[in-house]
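Notes follow the structure.
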Amino acid sequence: VHAQDAVALAQVPTLLPLLGALLQEAPRKSPRRRLTRGRPLQYMLELYRQNADPHGRPREKRIFSANAVRLVRPAGRRALPPRGPWYVQTLDFLLEPNRDVEQLVRAAVVYRPHLHLSRSHLSCHVEPWAHKSAILLGGGSLGFALPEAWAERDLTNYIQQQVWPPKGKRVLHIQVRCQQQERTEVGLGWRQALATDTTFLVLYFNNTFKNVPQTGLQELVLRNPGGADLFSLARRVR
Amino acid sequence: QVGPVRSEAPGQSLEQTQCSLHPFQVSFHQLGWENWIIAPHLYSPNYCKGACPRVLHSGLHSPNHAIIQNLINELVDGSIPRPSCVPYKYTPISVLLIEASGSILYKEYEDMIAQSCTCR
């Protein structure tokens, strides 16, 4: 990359807020195939269908009071040894908000309350895994109509008060506790059943470009004489 | 004093040349974004095209400045162009995309679809 191009690319978020936002969000390379299928994507497609028509126009009756919803997968997981009928794992979610443009309005952990194994089934629930004795849950507005087989736990208050960092990264620990329902052999399959996208975090934001500073064309010309060709800049970004 | 009415280009009806909204659809594949935008597949930004009339009727929602610029073009200096035909109202679009981190994001982008046009 030529130095001039690098400078031009660095200016893009300021000059063209939409392209800047898109560049920040776009993956560096094609997403792995597993991301383009599976339960999390099905969940988000259902959310999309409830809130937008097939052409992408938001429906008149909005289901939730947010204009952005992010599904976050666990960055790490640890399964504890089973104890009696209990099968427990801890999930770590990495939170890295951009508070300048993202205002958190709701947060929930989505999970499957019933996991069916080959010879048994588990009944599950989730809770934040913290040392503090009193955890204030709830606090969010209604989400969308959940697809069948999914349940959610509202963590808006907890995340806003305990976890949401002013800047930088923070890790949210969630414990998934599953109880065996029959006195049958669960076997080793429970680890795999719990590990296959059965729990994720859903964050609802009010997202805006309004806080992103916009530079006038005149200012651009003064700062970069002879280089104010927005068209070629956009082409280089492309 | 108002100058003579200019005739429209021959062979084109007034409807074809007057400022109006035109439907236009593009796929995210054509924009090179199909790798990370999951839904929708098609995007209809639409566009505004056509000449702005000498008499800017109220349906065009033109500001006073556009009326004055028309008068200047007619009466004072023909090199000053007539007002331009541009979008007036927009609607948002909802997009489902995959972020660099692997998270899946539903997001509404404002002002992405032209809904009506104006001369200004």
Side-chain angles (χ1 to χ4, degrees), chain A residues 17-18 21-32 34-38 40-59 62 64 66-75 93-96 102 144 200-210 237-238, chain B residues 20-49 63 65 69 81 83-117 120:
Chain A
L18 172 63
L22 293 175
L23 282 172
Q24 278 182 349
E25 285 159 6
R28 299 278 183 274
K29 52 187 178 182
S30 299
R32 283 168 290 178
R34 74 172 185 86
L35 293 178
T36 57
R37 60 185 181 212
L41 181 63
Q42 294 307 314
Y43 180 92
M44 290 300 279
L45 280 172
E46 180 59 31
L47 180 144
Y48 184 86
R49 276 191 286 268
Q50 288 187 27
N51 286 278
D53 70 12
H55 301 285
R57 290 183 289 251
R59 298 192 189 279
R62 291 174 60 143
F64 43 77
N67 60 15
V69 183
R70 177 175 289 124
L71 182 148
V72 183
R73 297 157 194 266
F93 294 93
L94 194 62
L95 300 178
E96 202 173 0
E102 292 181 337
F144 78 113
F200 43 81
L201 184 66
V202 182
L203 304 171
Y204 294 72
F205 299 101
N206 266 330
N207 201 312
T208 176
F209 293 128
K210 285 173 189 159
V237 171
R238 168 72 179 82
Chain B
S20 61
L21 183 69
H22 294 256
F24 184 75
Q25 200 167 65
V26 65
S27 70
F28 284 113
H29 175 78
Q30 288 172 288
L31 292 173
W33 295 350
E34 79 281 8
N35 283 340
W36 54 286
I37 291 187
I38 302 165
H41 294 300
L42 296 173
Y43 167 37
S44 303
N46 304 331
Y47 65 95
C48 294
K49 187 180 176 184
H65 177 271
Q69 187 162 330
S84 301
C85 176
V86 292
Y88 176 62
K89 282 189 176 173
Y90 301 92
T91 54
I93 186 173
S94 296
V95 170
L96 195 64
L97 56 90
I98 293 180
E99 295 181 287
S101 64
S103 300
I104 304 172
L105 181 68
Y106 165 96
K107 190 167 179 176
E108 291 171 15
Y109 287 96
E110 294 294 328
D111 303 338
M112 292 288 281
I113 299 171
Q115 197 183 27
S116 63
C117 302
R120 60 188 307 141

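Numbers restart at 1 for each chain; the letters A, B, ... are given by sequence-line order, proteins then strands. Only this structure's heavy atoms are used, side chains among them; waters, hydrogens and symmetry mates stay out.
- Between A/Phe200 and A/Tyr43, the angle of the ring planes goes over 60°, which puts this pair in the perpendicular group of the 30/60° scheme.
- Interface remark: A/Pro54 contributes backbone atoms only to the contact with chain B (heavy atom separation under 4.5 Å).
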| field | Step-by-step side-chain contact (heavy atoms from CB on, under 4.5 Å) determination, A/Asn67 to B/Tyr109 | value | CA-CA 8 Å; A/Asn67 60 15; B/Tyr109 287 96; over 6 Å; no
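- Ring planes of B/Trp33 and B/Phe28: parallel class, angle under 30° (limits at 30 and 60°).
- Contacts between B/Leu42 and chain A at a heavy-atom distance below 4.5 Å involve the backbone alone (N, CA, C, O).
- At a 4.5 Å heavy-atom cutoff, A/Leu94 makes no contact with chain B through either its backbone or its side chain.
- A/Asn51 touches chain B through backbone and side chain together, each having a heavy atom under 4.5 Å away.
- Side chain to side chain, A/Gln50 and A/Glu46 meet the donor-acceptor criterion of an N or O pair below 3.5 Å.
- If you tally non-hydrogen atom pairs under 4.5 Å between each of B/Ser94, B/Pro40, B/Ser44 and chain A, the highest count goes to B/Ser94.
- Atom-to-atom distance recorded for B/Glu108:CD and A/Asn206:CG is 9.0 Å, nearest 0.5 angstrom.
- Most heavy-atom pairs under 4.5 Å with chain B: of the set A/Val72, A/Val202, A/Leu71, A/Leu201, this distinction falls to A/Leu71.
- Atom OH of residue B/Tyr88 and atom CZ of residue B/Arg120 lie 8.5 Å apart, to the nearest 0.5 angstrom.
- Neither the backbone nor the side chain of A/Ala75 comes within less than 4.5 Å of any heavy atom in chain B.
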